[in-house]
Amino acid sequence: MTKPAPDSLALLSVAEMAGADEAAIASGIAGFALMERAGRAVADAVSRRGRPGERVLVLCGPGKNGGDGFVAARLLEARGFAITLALAGERGQLTGDAGEAAAGWQGPVLAVAEIRPEDHAIIVDALFGAGLNRPLGGAVAALVERVNASDLPVISVDVPSGVSGDSGMTAGPAIRADETVTFFRLKPGHLLYPGRALCGVVTLADIGITAEMVFGPGKPPPMTFSNEPALWQGQLPRHEAGTHKYRRGAVAVAAGGLAGVGAPRLGARAALRIGAGLATIICRPEALATHAGRGPDALMQIAAADGAAFEAALATRKLSALLAGPALGLDAMAAEVVTAALCAKLPLVLDADALTVLAARSELLEELAGRRSVPTVLTPHEGEFLRLFGDRAPYASGASRLVRARTAATATASVVVLKGPDTVIAAPDGRAAINATGSAALATAGSGDVLGGIVTGLLAQGMPAFEAACAAVWLHGKAGEALGFGLIADDLPEALPGALRLVAG
Ligand SMILES: NC(=O)C1=CN([C@@H]2O[C@H](COP(=O)(O)OP(=O)(O)OC[C@H]3O[C@@H](n4cnc5c(N)ncnc54)[C@H](O)[C@@H]3O)[C@@H](O)[C@H]2O)[C@H](O)CC1
Ligand SMILES: [K+]
């Protein structure tokens, strides 16, 4: 059993965050005390950006997000800022902690239609947070557009108004913030686009809720994480001094013919660079000479003329993991290779063409579900995901990437890496992680082939599938960051030793 992931990386859904609130209150902290601390954290963020005397516009909504705003307004006025407070809603409707916070505000409460954002230096967005339950409309939507058009610095409370805390998605207008102050733990919406971009810098404030209260004995373990080294570093392969190449695992990469020689080699090189002891390309006979003529010398190649020969090649080699997909082809031979790959009891990564082949043959998808006991990782990008799972709920591209990846992982009994600028890694057991490393520089031909090779290389060294996929995505991103724009996929394997040094214990 792998050691439990650190709760410091936990991401909490809106509902889980409400549970954290309740746990804190059950432990004896008054709900209003939480709001006071939340409002203070917001006031501190404004104080870091502005100077007393400056005009601050505080936009409050009808619920507790607005309550945080009322507290922040009161504290900022006491610090010498000139506060304009506007309420989207009726003051008489404010109840509970928000009503108490509003009662603490002695200044005027304007209507949304009365204010001019442009007359201020800083704007606090305390309109909607965890309670957003429909697209912003009417006067509030118009206000959001005016705030965004003002180009003034905006500090959002909890999440930018209009952004879903669970998915990061926006169904209508949404505030574009320079900074978002949130509480206790991040939400998925802080790391999933467009929410991640709309948040600006996310500041995590301690409002008195402790890990003990939320993750302590008897509480369910966290299942959603920010993809950071602490999540998998302990499972990275370690090689003692006396090791040898066979101990470091042997990778095979199923390749196609002459049409795509480069892609499988990128995967194989990445597997070697991440630490696999051996890598062999199994290609079609017409491509053998081409593969043989290319470096690195550590890379071997053999030919397989059909599915049976491929299966025999797998059976006669002491392999530890297999990558199938990069430039595999989409013809009958490719389908035979994917079938053989699924039937071999080898840790397996399916990428690119193998996913397209899988999508075209539903019987193979059933084979996948039968591989419960063998580590299997699928690494689709958006298009491959939709081809595999269809564009219907809950897989549809309009749904939360977290939900989509999780559902796919359960359906295929495989780890699913839904690639993108906010790659989500989901395991069949319900765990999921959202990645934040990398940059647009990685959107280049062959980048995915390298990622597939890194995952395969880590599986070959015995790393569990979910942790191997999380580590691979993180390292791939870091390699891309180190190289920056101008990188081509060929550079990525060579940048892996540097990325590994960031996490080498
Ligand atoms: N531990 C914590 O996380 C703390 C969180 N706090 C703050 O509480 C809010 C959540 O407050 P809640 O009252 O549940 O919801 P909101 O204030 O976000 O929304 C208010 C209300 O608005 C209605 N509504 C929803 N969507 C729309 C819409 N599109 N148009 C109009 N009206 C809408 C709906 O009825 C909502 O109930 C959280 O974000 C934190 O900021 C605590 O203050 C501190 C501890
Ligand atoms: K907000």
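Atoms within a ligand are numbered from 1 in the order they appear, just like the ligands themselves. What you are looking at is a predicted structure, and each value in this text was computed from that prediction instead of being measured.
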S.K.: Could you check atom 42 (C) of ligand 1 against the protein and tell me its nearest heavy-atom contact, residue, atom and distance included?
M.R.: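 Minimum-distance protein heavy atom for atom 42 (C) of ligand 1 reads D68 OD1, 3.6 Å.
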S.K.: Are more than 12 heavy atoms, taken from residues, nucleotides or ligands other than R48, located less than 6.0 Å from that residue's CZ atom?
M.R.: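 Correct, the count exceeds 12.
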S.K.: Is G61 close enough to the K ion (ligand 2) that one of its N, O or S atoms comes in under 3.4 Å?
M.R.: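 Within the cut-off used here (under 3.4 Å), G61 places no N, O or S atom near the K ion (ligand 2).
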S.K.: Write out the residue and atom name of the closest protein heavy atom to atom 17 (O) of ligand 1, then the distance separating them to 0.1 Å.
M.R.: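 Heavy-atom neighbour on the protein nearest atom 17 (O) of ligand 1: N65 N, 2.9 Å.
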S.K.: For the residue pair D158 and D68, establish whether any side-chain heavy-atom pair is separated by less than 4.5 Å.
M.R.: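 Counting from C-beta outward, D158 and D68 never come under 4.5 Å.
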S.K.: Number the atoms of ligand 1 from 1 as they appear, then name those within less than 4.0 Å of a heavy atom of I209, with their elements.
M.R.: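 Under 4.0 Å from I209, ligand 1 has these atoms: 1 (N).
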S.K.: Does V140 have a non-hydrogen atom less than 4.0 Å from ligand 1?
M.R.: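 Not so, V140 does not reach ligand 1.
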S.K.: Show which atoms of ligand 1 fall inside a sub-4.0 Å distance from at least one heavy-atom site of I207.
M.R.: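 Listed by number with element: 1 (N), 45 (C).
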S.K.: Does atom CD of E90 have more than 12 heavy-atom neighbours from other groups under 6.0 Å away?
M.R.: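 No - once you tally the heavy atoms of other residues, nucleotides and ligands closer than 6.0 Å, there are 12 at most.
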S.K.: Would you mind checking which non-hydrogen protein atom is closest to atom 34 (C) of ligand 1, with the distance to 0.1 Å?
M.R.: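 Checked against all protein heavy atoms, atom 34 (C) of ligand 1 sits closest to N133 ND2, 3.7 Å.
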S.K.: For ligand 1, find out whether one of its N or O atoms is nearer than 3.5 Å to an N or O atom of K187.
M.R.: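 In this structure, K187 places no N or O atom under 3.5 Å from an N or O of ligand 1.
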S.K.: Considering only heavy atoms from C-beta outward, does the side chain of L492 approach that of L487 to under 4.5 Å?
M.R.: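 L492 vs L487: side chains touch.
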S.K.: With heavy-atom distances below 4.0 Å as the criterion, list the atoms of ligand 1 near F128.
M.R.: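 Those atoms are 18 (O), 19 (O), 22 (O), 24 (N), 27 (C), 30 (N), 31 (C), 32 (N), 33 (C).
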S.K.: Please report whether ligand 1 has a polar contact with P135, defined as an N or O pair separated by less than 3.5 Å (distance criterion only).
M.R.: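 So ligand 1 has an N or O lying under 3.5 Å from an N or O of P135.
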S.K.: May I ask you to check if any N/O/S atom from L127 comes under 3.4 Å of the K ion (ligand 2)?
M.R.: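 It does not; every qualifying atom lies at 3.4 Å or beyond.
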S.K.: Do D449 and L323 have side chains that approach each other closer than 4.5 Å (heavy atoms only, starting at C-beta)?
M.R.: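 Result no, sub-4.5 Å side-chain heavy-atom pair not found.
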S.K.: For ligand 1, which atoms have a heavy atom of V157 less than 4.0 angstrom away?
M.R.: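 Here the atoms of ligand 1 in question are 41 (O).
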S.K.: Where the K ion (ligand 2) is the corner point, what angle links O of D125 with O of F128, to 10°?
M.R.: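 Here the angle at the metal atom is close to 150°, to 10°.
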S.K.: Taking C-beta and beyond as the side chain, do L358 and L388 meet within less than 4.5 Å on heavy atoms?
M.R.: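 The answer is yes, as the side chains (C-beta and beyond) meet within the 4.5 Å cut-off.
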S.K.: Counting heavy atoms only, which of K64, Q93, R185, E16 is nearest atom 12 (P) of ligand 1?
M.R.: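 Residue with the shortest heavy-atom distance to the ligand atom: K64.
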S.K.: Other residues, nucleotides and ligands only: do more than 12 of their heavy atoms fall within 6.0 Å of CZ on R40?
M.R.: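 For R40, atom CZ is not crowded (no more than 12 foreign heavy atoms under 6.0 Å).
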S.K.: Hey, is ligand 1 close enough to A130 that some N/O pair sits below 3.5 Å?
M.R.: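 N/O-N/O distance under 3.5 Å: yes.
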S.K.: May I ask you to check if any N/O/S atom from D158 comes under 3.4 Å of the K ion (ligand 2)?
M.R.: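 So D158 does not count as coordinating the K ion (ligand 2).
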S.K.: Is a donor from one side chain sitting under 3.5 angstrom from an acceptor on the other, for T84 and R55?
M.R.: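 Yes, because at least one side-chain N or O of T84 sits under 3.5 Å from a partner of the opposite role on R55.
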S.K.: Quick one: does S226's side chain get under 4.5 Å of L186's, heavy atoms only?
M.R.: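 Result no, sub-4.5 Å side-chain heavy-atom pair not found.
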S.K.: Can you pull out the closest protein heavy atom to atom 21 (C) of ligand 1? Residue, atom name and distance to 0.1 Å, please.
M.R.: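 Nearest protein contact, heavy atoms only, for atom 21 (C) of ligand 1 is P62 CG, 4.0 Å.
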S.K.: Within ligand 1, which atoms have a heavy atom of M17 less than 4.0 Å away?
M.R.: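 It comes down to these atoms of ligand 1: 1 (N), 3 (O).
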S.K.: So is there a nitrogen or oxygen of G131 less than 3.5 Å from a nitrogen or oxygen in ligand 1?
M.R.: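 Yes: some nitrogen or oxygen of G131 is under 3.5 Å from one in ligand 1.
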S.K.: Could you identify the single nearest non-hydrogen protein atom to atom 5 (C) of ligand 1 and state the distance to 0.1 Å?
M.R.: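 That would be D21 OD2, 4.1 Å.
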S.K.: Round to 10° and report the angle made at the K ion (ligand 2) by OD1 of N65 and O of V157.
M.R.: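 My answer is 80°, to the nearest 10°.
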S.K.: Rounded to the nearest 0.5 Å, what separation is found between the CG atom of N148 and the CZ atom of R176?
M.R.: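 Result: 4.5 Å between the selected atoms.
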S.K.: Could you point out which residue of L418, V349, V473 forms a side chain to side chain contact (heavy atoms under 4.5 Å, CB included) with T379?
M.R.: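 Exactly one candidate clears the test, V349.
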S.K.: Might you work through the side-chain contact (heavy atoms from CB on, under 4.5 Å) test for W474 and V503, ending with a clear yes or no?
M.R.: CA-CA 10 Å; W474 189 89; V503 289; 3.4 Å; yes
S.K.: If we only count heavy atoms from C-beta on, is the M223 to E16 side-chain gap below 4.5 Å?
M.R.: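 M223 does not reach E16 side chain to side chain.
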S.K.: Out of curiosity, is A20 lining ligand 1, as in a heavy atom under 4.0 Å away?
M.R.: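 Contact absent.
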S.K.: Check ligand 1 against D158 and write out every atom of the ligand that is under 4.0 Å from a heavy-atom position of the residue.
M.R.: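 Atoms satisfying the 4.0 Å criterion: 38 (C), 39 (O), 40 (C), 41 (O).
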S.K.: Indicate if the distance from the K ion (ligand 2) to the nearest N, O or S atom of T180 falls below 3.4 Å.
M.R.: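 Checking T180: none of its N, O or S atoms is under 3.4 Å.
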S.K.: Near G129, which atoms of ligand 1 are under 4.0 Å from a heavy atom of that residue?
M.R.: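 Numbered from 1, ligand 1 contributes 16 (P), 18 (O), 39 (O).
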S.K.: I425 versus F466: any side-chain heavy-atom pair under 4.5 Å?
M.R.: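 Heavy-atom side-chain distance check passes, below 4.5 Å.
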S.K.: Can you pull out the closest protein heavy atom to atom 31 (C) of ligand 1? Residue, atom name and distance to 0.1 Å, please.
M.R.: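 Going atom by atom, the protein heavy atom closest to atom 31 (C) of ligand 1 ends up being R134 NH2, 3.3 Å.
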S.K.: Are F184 and ligand 1 in contact, using a heavy-atom cut-off of under 4.0 Å?
M.R.: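 F184 does not count as a contact of ligand 1 under the 4.0 Å cut-off.
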S.K.: I'd like to know if the K ion (ligand 2) has an N/O/S atom from S156 within less than 3.4 Å of it, counting both backbone and side-chain atoms.
M.R.: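 Within the cut-off used here (under 3.4 Å), S156 places no N, O or S atom near the K ion (ligand 2).
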S.K.: Should the pair F385 and Y395 be assigned to parallel (<30°), tilted (30 to 60°) or perpendicular (>60°) ring geometry?
M.R.: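 F385 and Y395: perpendicular rings.
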S.K.: Below 4.5 Å, heavy atoms only, C-beta onward: do R196 and D422 meet side chain to side chain?
M.R.: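 The answer is yes, as the side chains (C-beta and beyond) meet within the 4.5 Å cut-off.
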S.K.: How far apart are the closest heavy atoms of L402 and A432, and which atoms are they?
M.R.: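 Reported closest heavy-atom pair: CD1-CB, 3.8 Å.
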S.K.: Considering distance alone, does some N or O of G66 sit under 3.5 Å from an N or O of ligand 1?
M.R.: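 No, there is no polar N/O contact under 3.5 Å.
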S.K.: Taking both backbone and side-chain atoms into account, decide whether P160 has an N/O/S atom under 3.4 Å from the K ion (ligand 2).
M.R.: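 Short answer: no, not a single N, O or S atom is under the cut-off.
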